[in-house]
Amino acid sequence: MNFTLLITVLVTAITLVVAAYVVAKLIGPRSYAKVKGEPYESGIPTRGSSWLPISVGFYLFAILFLMFDVETVFLYPWAVVVKEYGAMALLSIGFFLVVLVLGLAYAWRKGDLEWK
C-alpha cells in the first residue's frame, strides 16, 4: 500500500500548524501585566475564588443542544442521497427522527428543558 498521500497530508498539516504558531509568536501582541493572569481582565479585582460550582442544568442543556446539532449534520448527507435509495432512505431517517423525538420527549418530561 502506498502511503505517500497520507505522509504528504500529515507533513503539510504539521508544517501549517507550526508556521501559524511561529507567525503568531513573532507578530502577536505581548502583554505581561499582572492583570493578565487574573480570570477576567475587566479591571475590577476579583473577590473570592474563581472556582465556583456550576449547575448541572447548563451541562444537560449543552448536551441536548449538541444532540440536535448532530442531527442536522446527519440530515444533510441523507438529503443528498435520498433519491438513490428511495423508500429505504425514508424509513431509515424516519427511525432516526423517532429516536430523536423520543429523546426530546424524555428530556422534556424530566424537566431538563426548563431554565431554573
> Going by side-chain hydrogen bond (donor to acceptor under 3.5 Å, both in side chains), name the residues that satisfy it together with Thr15, two or more places apart in sequence or in a different chain.
none
> Listed by chain and number, what are the side chain to side chain contact (heavy atoms under 4.5 Å, CB included) partners of Thr72, not counting sequence neighbours?
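Side chain to side chain contact (heavy atoms under 4.5 Å, CB included) list for Thr72, sorted by chain: Asp69.
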> Under the rule for side chain to side chain contact (heavy atoms under 4.5 Å, CB included), what residues qualify as partners of Ile14, not counting sequence neighbours?
Val18
> Is it true that Val70 and Phe96 fall in one hydrophobic cluster, defined by side-chain heavy atoms closer than 4.5 Å?
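Linked, Val70 and Phe96 end up in one cluster.
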> So, applying side-chain contact (heavy atoms from CB on, under 4.5 Å) with Glu71, which one of Leu104, Leu97, Leu66 is it?
Leu97
> Other than Leu102, what residues sit in its cluster of Ile, Leu, Val, Met, Phe, Trp and Tyr side chains whose heavy atoms are under 4.5 Å apart, directly or through others?
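Hydrophobic cluster check, Leu102: joined to Val98.
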> Starting from Val17 and following side-chain heavy-atom contacts under 4.5 Å between hydrophobic residues (I, L, V, M, F, W, Y), which residues can be reached?
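None; Val17 is a cluster of one.
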> Only pairs under 3.5 Å count here: list side-chain donor-acceptor contacts from residues 78-92, not counting sequence neighbours, and write none if there are none.
| unit_1 | atom_1 | unit_2 | atom_2 | d |
| --- | --- | --- | --- | --- |
| Trp78 | NE1 | Ala89 | O | 3.0 |
| Ser92 | OG | Met88 | O | 3.3 |
| Ser92 | OG | Ala89 | O | 2.9 |

> More than 12 heavy atoms of other residues, nucleotides or ligands under 6.0 Å from CZ of Phe68: is that the case?
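Result for CZ/Phe68: enclosed.
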> Taking side chain to side chain contact (heavy atoms under 4.5 Å, CB included) as the definition, give me every residue that meets it alongside Leu6, ordered by chain and number, with sequence neighbours left out.
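If we apply the side chain to side chain contact (heavy atoms under 4.5 Å, CB included) test to Leu6, skipping adjacent residues, the hits are Phe3, Leu10.
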